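For clarity, every value in this text was computed on a predicted model and none was experimentally measured. Numbered from 1 within each chain, the chains take letters A, B, ... in sequence-line order.
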Protein chains: 4
Amino acid sequence: FTTSCGGSMAKTKFEYVRKFETDDTCLRNCWIVVRLDGRNFHKFAEDHKFKKPNDDRAIHLMTRCAQAVMECLEDIVVAYGQSDEYSFVFKKESNWFKRRASKFMTHVASHFSSSYVFYWKDYFHDQELLYPPGFDGRVILYPSDQNLRDYLSWRQADCHVNNLYNTVFWNLVLKGGLTNTQAEERLRGTLSSDKNEILFSEFSINYNNEPLMYRKGTVLVWTKEVETRTKNAKGSGEEKGNDIVVEKSVKKATPLHCDLIGDKFWEEHPDILMDH
Amino acid sequence: FTTSCGGSMAKTKFEYVRKFETDDTCLRNCWIVVRLDGRNFHKFAEDHKFKKPNDDRAIHLMTRCAQAVMECLEDIVVAYGQSDEYSFVFKKESNWFKRRASKFMTHVASHFSSSYVFYWKDYFHDQELLYPPGFDGRVILYPSDQNLRDYLSWRQADCHVNNLYNTVFWNLVLKGGLTNTQAEERLRGTLSSDKNEILFSEFSINYNNEPLMYRKGTVLVWTKEVETRTKNAKGSGEEKGNDIVVEKSVKKATPLHCDLIGDKFWEEHPDILMDH
Amino acid sequence: FTTSCGGSMAKTKFEYVRKFETDDTCLRNCWIVVRLDGRNFHKFAEDHKFKKPNDDRAIHLMTRCAQAVMECLEDIVVAYGQSDEYSFVFKKESNWFKRRASKFMTHVASHFSSSYVFYWKDYFHDQELLYPPGFDGRVILYPSDQNLRDYLSWRQADCHVNNLYNTVFWNLVLKGGLTNTQAEERLRGTLSSDKNEILFSEFSINYNNEPLMYRKGTVLVWTKEVETRTKNAKGSGEEKGNDIVVEKSVKKATPLHCDLIGDKFWEEHPDILMDH
Amino acid sequence: FTTSCGGSMAKTKFEYVRKFETDDTCLRNCWIVVRLDGRNFHKFAEDHKFKKPNDDRAIHLMTRCAQAVMECLEDIVVAYGQSDEYSFVFKKESNWFKRRASKFMTHVASHFSSSYVFYWKDYFHDQELLYPPGFDGRVILYPSDQNLRDYLSWRQADCHVNNLYNTVFWNLVLKGGLTNTQAEERLRGTLSSDKNEILFSEFSINYNNEPLMYRKGTVLVWTKEVETRTKNAKGSGEEKGNDIVVEKSVKKATPLHCDLIGDKFWEEHPDILMDH
């Protein structure tokens, strides 16, 4: 019978190929970080006319996707995003998918990417998405709380360095009339203090007054909110037919734009590093 | 100066955390397979009222996404999909992203997922996508051509087994009037031949006449097509101002619904296993 | 010229095979433990007539080998041995051989094994070593101090459980006249308290008075000792030609037989867990 | 009861630490190569006055150890050694210790090292071994037969390059009266042909007549030998009391000093690459 060659006996014969799958379990008792990076986002930003140096719509969309990831996947305790990257921190004790690294990174990359297209119109309205974007991901393990804090500090320091540069660069180009090449040359070898000075003396901008969202990036933390819903009572008692108000405590992934490098944030959010 | 704490000196101090990144280079001279699987697609299919046992729109959308992955990423030589899964085979010699496994699996997962939302409306038209879907991914290495063929045969045998089961199950439910539980019980312990017999005697269906796309899944292979474009001549010669026809050879990821288990497919597509 | 086929040009041609070597760097900021286990040591012990349940010569030889490993390799902060196994703990910050796991485990296995044969005669004197012994090894990473302490506690608890069993078993066989099988049956399902009771009531042995080396295994810690050497003065001053005494502080790997599970040991040796 | 803190209950409490062990299974259907390298063998050779450029005793001892490894461990199909290194090739289908890389490399390193001390006196006789030697090891996987052959060719080409250099170097020093530094300078930048010329014109040595063992290193292959043993018949028949000769076919690891780079060796030993 012809289909037998594709039947369950055949399947058994080929099943040995499963033994080529390797185990990629993350070491226990370590923080699991998944970092996503946009693929060719320089071009993507240009193709979609992102405002320079920062486009609020793009930033808010990234944050919306990160919220979706946190709310849809399990065990994420904090997330941090800037530019075209987002880092998600899973709790040390997580046993989600038996701690398989490939599950962590592909679920995050997949969910973030589908959300990006799904929520695009909420932030870009009539402006069309020209093609589906891509994000790559990786898993990094951090054994100690200090290592994890240093990782997030590293990303936030990177945000600062890049945003200061971009702010000066685009002011030189857009307001100062320099070409991209001229602006690059002007900035070559300058220190932070030089860049602050250019902004202040030439464009009357005090960098420290720039929006925190640009300077600090976005931290997503869990907050509890009370949600009230009006519900039509269906019981048989005296409330029958009347509307009742139902309160429910829900966890939300809430964006903050604050310093992560000092102790203040961690003192205000002790639950992040706590054993879960 | 306040911003110095987030400046490049601070960044340098934290940069040691990069040393926690591990190398996940794929062994050379092996076929690199990335397989994606839909997350909770049973529920997703129900929520979006996919036709049972096979929904052509969903199948064509999956194929469209796989084409996008093949055309957007590098070094994929063949892909195979069935149900809510898709496998992508990268050539043995690929040096894309230095063969880092995480890059392969996250790029595929990300691009497939964003494409799923992006192309949804081309196949589901007015039917709304209710939420962004998710796909997980993994990398598997196969040292020999035979191992790779056996892998693809395994997935196609799985397609056959599942599709035969589903075809009988949904005929029993939708035409035979059984409940899901009754249909399950009816099928428990039956052989392929029993299922063929039920289809034939009770529903006058010859399983072998069912569409190949359902029975064999979808293989994507590269084909060359000649694309013609009409272009307004801008030269200074006699053609100036006239339209000219430009021919260009383009590679397309073309879907086939054929047997992968026997030798015929491989004899007809010798370039897949050839050194690239 | 004939040898050219084996010359440096040929070597270059084949050198691509180096790219198949994989990176096995140990995650930073984790304790690196290498545990060795004797291969077929049950048979080895019988072939060499080890005294049952404990042979002091064999234990001291194991300890001597572990000392050799600690003194010859780098960055080991503590070691623990019992039965035919030994665990070596490398400091968290070790960068020995760039933290490559294969280097750690093979160097330890190699050096321990060559030492076993080298020092055999110091403990077994005229009794001949019949064949070279084998030890396998593995690397395990522990992110926190507590994990490391729990690992060592696990091995010491294992020592206790096995030694109590073996002590009763061999008393039943050697003094009680039971066959091995009878002794096994007698002990099946017994609790610690039952075993203590058998020892006490049948053989007048209070298990707690058994030597600590048997009950606790051996911990090797670093101690500083002052070594004095007499040296013939070669200078030109008045000491010329006279002997002088030179003092030198040397680190020694010193064996202890004490409890590792409670806090006492760790309080007395704070330097082990300290950052190095 | 005091010992309870070290008892089986305690053991259970600590056993979670086993979950930190990682899986290091070798990819299936690949050749598994373990290569050992002597640790600080330059110094070891000097301390033990090895003859330069080649010491037959040292080479034969290395070969003896490699034979011990092949005969004691499982699934090794060929080995190759030169200088202070040895490579062992396990068959592709090996399932020894479930293909765990750490088992392969530590067993080889351990057994080789203990054999080195054990067999030392058979080759160095009265010359004392001053301290136990060390060897590190690593595992490398090769997917194809060609990759494996190229690996072995690489090692043999390395043998050639080094041995030619060493032969000239030590002739310049020992017979030519140059210092080490002068010999190094003399050889800097020379080609193979230059080195051959120096040997021939200054020392009347035709390099191609040097012993194959030095120029090609040592390959160990399995050969079958018939072993005859005289046994006293214990049966009740007419042979009773008489000696009988018993023949037994035994596999031996036999050293060859031949070219591995060309096809001849592989044609003469087809069983090495064959499926086992």
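Within 6.0 Å of OH in Tyr131(B) there are more than 12 heavy atoms belonging to other residues, nucleotides or ligands. A 6.0 Å sphere centred on NZ of Lys121(A) holds more than 12 heavy atoms belonging to other residues, nucleotides or ligands. Around atom OH of Tyr16(A), more than 12 heavy atoms belonging to other residues, nucleotides or ligands sit under 6.0 Å away.
Two rings, from Tyr142(A) and Phe20(B), have their centers less than 6.0 Å apart.
With a threshold of 4.5 angstrom between heavy atoms, Leu129(B) approaches chain A through its backbone and through its side chain. Looking at Cys159(B), neither its backbone nor its side chain comes within 4.5 Å of chain A, counting heavy atoms on both sides. Using a 4.5 Å cut-off between heavy atoms, Arg100(B) touches chain A through its side chain atoms alone. Contact annotation for Leu260(B): neither backbone nor side-chain heavy atoms come within less than 4.5 Å of a heavy atom of chain A.
Residue Ile261(B) holds its CD1 atom at 11.5 Å from NZ of Lys11(A), rounded to the nearest 0.5 Å. Thr22(A) OG1 to Leu141(B) CG: the interatomic distance, rounded to the nearest 0.5 Å, is 7.0 Å.
Interface check for chain B: of the options Ser102(A), Gly262(A), Ala101(A), the most heavy-atom pairs under 4.5 Å are formed by Ser102(A). Note: Phe118(B) leads Phe135(B), Trp120(B), Phe118(B), Tyr119(B) in heavy-atom pairs under 4.5 Å with chain A. The greatest number of non-hydrogen atom pairs below 4.5 Å with chain A, out of Pro133(B), Pro143(B), Ala68(B), is found for Pro133(B).
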Trace of the side-chain contact (heavy atoms from CB on, under 4.5 Å) decision for Lys13(A) with Trp154(B): CA-CA 8 Å; Lys13(A) 176 184 154 198; Trp154(B) 175 50; over 6 Å; no
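For residues 106-117 of chain B, heavy-atom neighbours of chain A at less than 4.5 Å comprise Thr106(B), His107(B), Ala109(B), Ser110(B), His111(B), Ser113(B), Ser114(B), Ser115(B), Val117(B), sorted by residue number.
Looking only at side-chain heavy atoms (C-beta outward), Arg35(B) and Glu21(A) come within less than 4.5 Å of each other.
For Arg39(A) against Trp96(B), the heavy-atom pair with the smallest separation is NH2-CZ2, 4.0 Å.
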